[in-house]
Novice: 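Mind having a look at this structure? Questions to follow.
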Amino acid sequence: MIRPSNPSTPSNPTTPENPPTPENPATPSNPSTPENPGTNPSDPETEVKPDGTKVEKKTEVKEDGTKVETTTETKTDGSKTQTVVETSKDGAVKTTETKTAADGSATEKVSQTVTNTSGRAVAVTTTTKMDAKGNVTGVTQKSVIKNAGSSTSATVTVKKDGKGKVTAASASVSKTVSGNKVSLTGAVLSQLKEAAGQNSLAVTLQVKDKKGNTKYQLKANAADLKPGKSLYIYQYNSKTGEYVLVNATAYKVNANGSVGVSMSKNATYQLMSASDAAKVNRQILKTVTAKKSSASMKKGKSTKFAFSSKFNTANVKSITYQVPKNAAVKVSKSGKITAQKAGTVTVSAKVTLKNGKTKTVKMKITVN
């Protein structure tokens, strides 16, 4: 109710010519007092659309000056969408949209912009799904930081189950650079962790040129990016799930929590901790095997030293082939074996991987 302009006198006073009636009480039905300051609601506006959808709109002002605009649409099947827009006196806006299905299940989406501890604006959208009994079945929070750093934007997504347990936390970061070198800075990482509410989250950095073209992708776990820690890089094939060696370089996280890399190939790369890298290295070494341990040849014929089908030459820095002097076969630098005389000999292939690890595999050749 709107306050009377003169609280000491009713806006419609009773007089002998205007006696009190139920429609014209002598005292306002909800007088404004210090104990009951009241709000300023508008009369709801209601309309019915041609399809039978009922639309109700209402506006009110809270005691703190916040303006609340509520729109409710109810369809003939019982489903409903309610949108509440709250605008505070400082201009901040919070929007809550609740969609309720005919069966009673609902999805609530709350959107607002906040300021993080780094002073950056963060647009946060929290989506909550509920079953027909009102039980929460899942929550997804998405935080968008358009200006996380120099030429850097980020989106952090956190998913929780109905009990509030985090099931996934990830960050997609986009950074524009002029060359191939990029740095994932500690200042940006701290904002990602703050938005996620935890230190462990999968970070994907999209490295782009000034035209917006992707140069390459860099993945890492934020929890691994600790000052003084050494990380190792691998190329990742999303189709096969395979990791491929790139080099033997240890990428050290500096004192402010930043790490820099430079890649020239448009591919997806993964930075790993030493323990994770060791596991991948062991798997790669296992693939360094000969296709068969022995073979027979006739004099004058040639064959190729063959490796297992799991062997990926992209992991290899070099291969050196050897046979004893005056052996029954000779072997070229490329692994071509040529039978020269009758006898039995072992051909060795020393494989040096891009991470510096070596392994020697052998094949026994019998020349008839």
Novice: In the single-linkage hydrophobic clustering (I, L, V, M, F, W, Y; side-chain heavy atoms under 4.5 Å), do Leu231 and Leu353 co-cluster?
Specialist: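 Leu231 and Leu353: separate clusters.
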Novice: If you count heavy atoms of other groups shown closer than 6.0 angstrom to NZ of Lys359, is the number above 12?
Specialist: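 Enclosed.
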Novice: Using a 4.5 Å cut-off between side-chain heavy atoms of Ile, Leu, Val, Met, Phe, Trp and Tyr, which other residues end up in the same hydrophobic cluster as Val114?
Specialist: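 Via sub-4.5 Å side-chain contacts, Val114 links to Val122, Val124, Ile145.
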Novice: When hydrophobic residues are tied together by side-chain contacts of less than 4.5 Å, even through go-betweens, does Ile233 share a cluster with Val177?
Specialist: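 Yes: a chain of side-chain contacts under 4.5 Å links Ile233 to Val177.
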Novice: Counting only heavy atoms not in Lys159, do more than 12 fall under 6.0 Å of its NZ?
Specialist: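 For Lys159, atom NZ is not crowded (no more than 12 foreign heavy atoms under 6.0 Å).
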Novice: Are Tyr236 and Tyr234, when compared by the centres of their aromatic rings, separated by less than 6.0 Å?
Specialist: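 Centroid separation for Tyr236 and Tyr234: 6.0 Å or greater.
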Novice: side-chain contact (heavy atoms from CB on, under 4.5 Å) with Ala187: which residues, sequence neighbours excluded?
Specialist: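 Thr185.
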Novice: Would you say the side-chain atoms of Lys341 pair up with the backbone N or O of Asn326, donor to acceptor, closer than 3.5 Å?
Specialist: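 Flag set: sc Lys341 to bb Asn326 pair under 3.5 Å.
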Novice: Check this for me: does any side-chain nitrogen of one of Lys62 and Glu86 sit under 4.0 Å from a carboxylate oxygen of the other?
Specialist: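 Looking at Lys62 and Glu86, the cut-off is met.
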Novice: Can you list the residues that meet the side-chain hydrogen bond (donor to acceptor under 3.5 Å, both in side chains) rule with Ser302, with sequence neighbours excluded?
Specialist: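 In terms of side-chain hydrogen bond (donor to acceptor under 3.5 Å, both in side chains), with neighbours along the sequence ignored, Ser302 is linked to Thr338.
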Novice: Can you sort out the partners of Ala274 under side-chain contact (heavy atoms from CB on, under 4.5 Å), two or more places apart, ordered by chain and number?
Specialist: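 With neighbours one apart ignored, the set is Tyr232.
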Novice: Determine whether Val361 and Tyr321 fall in the same hydrophobic cluster, where Ile, Leu, Val, Met, Phe, Trp and Tyr are linked whenever their side-chain heavy atoms lie under 4.5 Å apart.
Specialist: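 Yes, Val361 and Tyr321 fall within the same hydrophobic cluster.
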Novice: Tell me whether Asn213 at atom CG has more than 12 heavy atoms from other residues, nucleotides or ligands lying less than 6.0 Å away.
Specialist: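 Yes - once you tally the heavy atoms of other residues, nucleotides and ligands closer than 6.0 Å, there are more than 12.
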Novice: Report the residues that fulfil salt bridge (Lys or Arg N to Asp or Glu O under 4.0 Å) with Asp224, sequence neighbours left out, ordered by chain and then residue number.
Specialist: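 Asp224 satisfies salt bridge (Lys or Arg N to Asp or Glu O under 4.0 Å) with Lys229 once adjacent residues are dropped.
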Novice: Can you sort out the partners of Lys142 under side-chain contact (heavy atoms from CB on, under 4.5 Å), two or more places apart, ordered by chain and number?
Specialist: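 Counting only residues at least two positions away or on another chain, Lys142 forms a side-chain contact (heavy atoms from CB on, under 4.5 Å) with Val144, Thr155, Thr157.
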Novice: Can you list the other members of the hydrophobic cluster that holds Val55, where links are side-chain heavy atoms under 4.5 angstrom apart?
Specialist: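 Via sub-4.5 Å side-chain contacts, Val55 links to none.
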Novice: Would you check if Val259 and Leu225 make a side-chain contact, meaning some heavy-atom pair closer than 4.5 Å?
Specialist: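 In contact.
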Novice: Less than 4.5 Å apart, side chain to side chain, heavy atoms only: is that true for Met363 and Lys291?
Specialist: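 Result no, sub-4.5 Å side-chain heavy-atom pair not found.
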Novice: If you take all heavy atoms of Asp51 and Thr76, which pair is closest and at what distance?
Specialist: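 Closest approach of Asp51 to Thr76: O-CG2, 3.8 Å.
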Novice: Holding to salt bridge (Lys or Arg N to Asp or Glu O under 4.0 Å), I want the full list of residues that pass it with Glu56, two or more places apart in sequence or in another chain.
Specialist: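 Glu56: no salt bridge (Lys or Arg N to Asp or Glu O under 4.0 Å) contacts found.
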Novice: Grab the two heavy atoms, one from Gln198 and one from Ala169, that are nearest each other, plus how far apart they are.
Specialist: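 What the structure gives for the nearest pair is NE2-CB, 3.5 Å.
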Novice: Any pair with a residue in residues 193-222 that passes salt bridge (charged side-chain N to carboxylate O under 4.0 Å, His left out), sequence neighbours left out, goes on the list, sorted by first then second residue, please.
Specialist: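 Not a single pair qualifies under salt bridge (charged side-chain N to carboxylate O under 4.0 Å, His left out).
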Novice: In terms of the angle between their ring planes, are Phe307 and Phe305 parallel, tilted or perpendicular, with boundaries placed at 30° and 60°?
Specialist: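 Geometry flag for Phe305 against Phe307: tilted rings.
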Novice: Less than 3.5 Å apart, which donor and acceptor atoms pair up between the side chains of residues 246-255 and the rest of the protein, not counting sequence neighbours?
Specialist:
from	atom 1	to	atom 2	distance (Å)
Asn247	OD1	Thr249	N	3.1
Asn247	ND2	Tyr251	OH	3.1
Asn254	OD1	Asn256	N	3.1
Asn254	OD1	Gly257	N	3.3
Asn254	OD1	Ser258	N	2.9
Asn254	ND2	Asn256	OD1	3.4

Novice: Between Thr126 (side chain only) and Gln141 (backbone N and O only), is there a donor and an acceptor less than 3.5 Å apart?
Specialist: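 The answer is no, because no donor-acceptor pair under 3.5 Å joins these two groups.
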Novice: Does atom NZ of Lys310 have more than 12 heavy-atom neighbours, drawn from other residues, nucleotides or ligands, at distances under 6.0 Å?
Specialist: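 It does not: Lys310 NZ has 12 such atoms or fewer within range.
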Novice: Does a side-chain heavy-atom distance below 4.5 Å link Thr98 with Thr107?
Specialist: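 No - every pair of side-chain heavy atoms lies 4.5 Å or more apart.
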Novice: Does any non-hydrogen side-chain atom of Lys160 lie less than 4.5 Å from one of Thr167?
Specialist: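 Result no, sub-4.5 Å side-chain heavy-atom pair not found.
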Novice: What residues join Val84 in its hydrophobic cluster, counting side-chain heavy atom gaps under 4.5 Å, either direct or through other members?
Specialist: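 Its cluster partners, ordered by chain and number, are Val68.
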Novice: Just so I know, are the side chains of Thr152 and Val173 near enough to count as touching, which here means a heavy-atom distance under 4.5 Å?
Specialist: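 Yes, their side chains come closer than 4.5 Å.
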Novice: Within the distance-only criterion (no hydrogens, no angle test), does the side chain of Thr115 pair as donor or acceptor with the backbone N or O of Gly119 below 3.5 angstrom?
Specialist: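 Checking the backbone N and O of Gly119 against the side chain of Thr115, no donor-acceptor pair under 3.5 Å is found.
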Novice: Quick one, Val93 and Thr113 - any side-chain contact, counting heavy atoms below 4.5 Å?
Specialist: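 They are not in side-chain contact.
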Novice: Checking Asn315 side chain against Leu245 main chain: does a donor-acceptor pair fall under 3.5 Å?
Specialist: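 Indeed, once roles are kept as given, a pair shorter than 3.5 Å links the two residues.
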Novice: Mind checking what makes side-chain contact (heavy atoms from CB on, under 4.5 Å) contact with Lys265, not counting sequence neighbours?
Specialist: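 Gln235, Ala267, Tyr269.
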Novice: Please report the shortest heavy-atom distance between Met130 and Glu108, naming the atom on each side.
Specialist: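 Residues Met130 and Glu108, closest heavy atoms: CE-CB, 4.0 Å.
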Novice: Would you say the side-chain atoms of Asp131 pair up with the backbone N or O of Asn135, donor to acceptor, closer than 3.5 Å?
Specialist: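 Between the backbone of Asn135 and the side chain of Asp131 there is a qualifying donor-acceptor contact (under 3.5 Å).
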Novice: Minimum heavy-atom separation for Val329 and Ala339, please, with both atom names.
Specialist: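 Scanning both residues, the minimum pair turns out to be CG1-CA, 3.8 Å.
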Novice: Please tell me if the side chains of Val367 and Lys298 come closer than 4.5 Å, counting only heavy atoms from C-beta onward.
Specialist: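 Side chain of Val367 against side chain of Lys298, heavy atoms only: no contact under 4.5 Å found.
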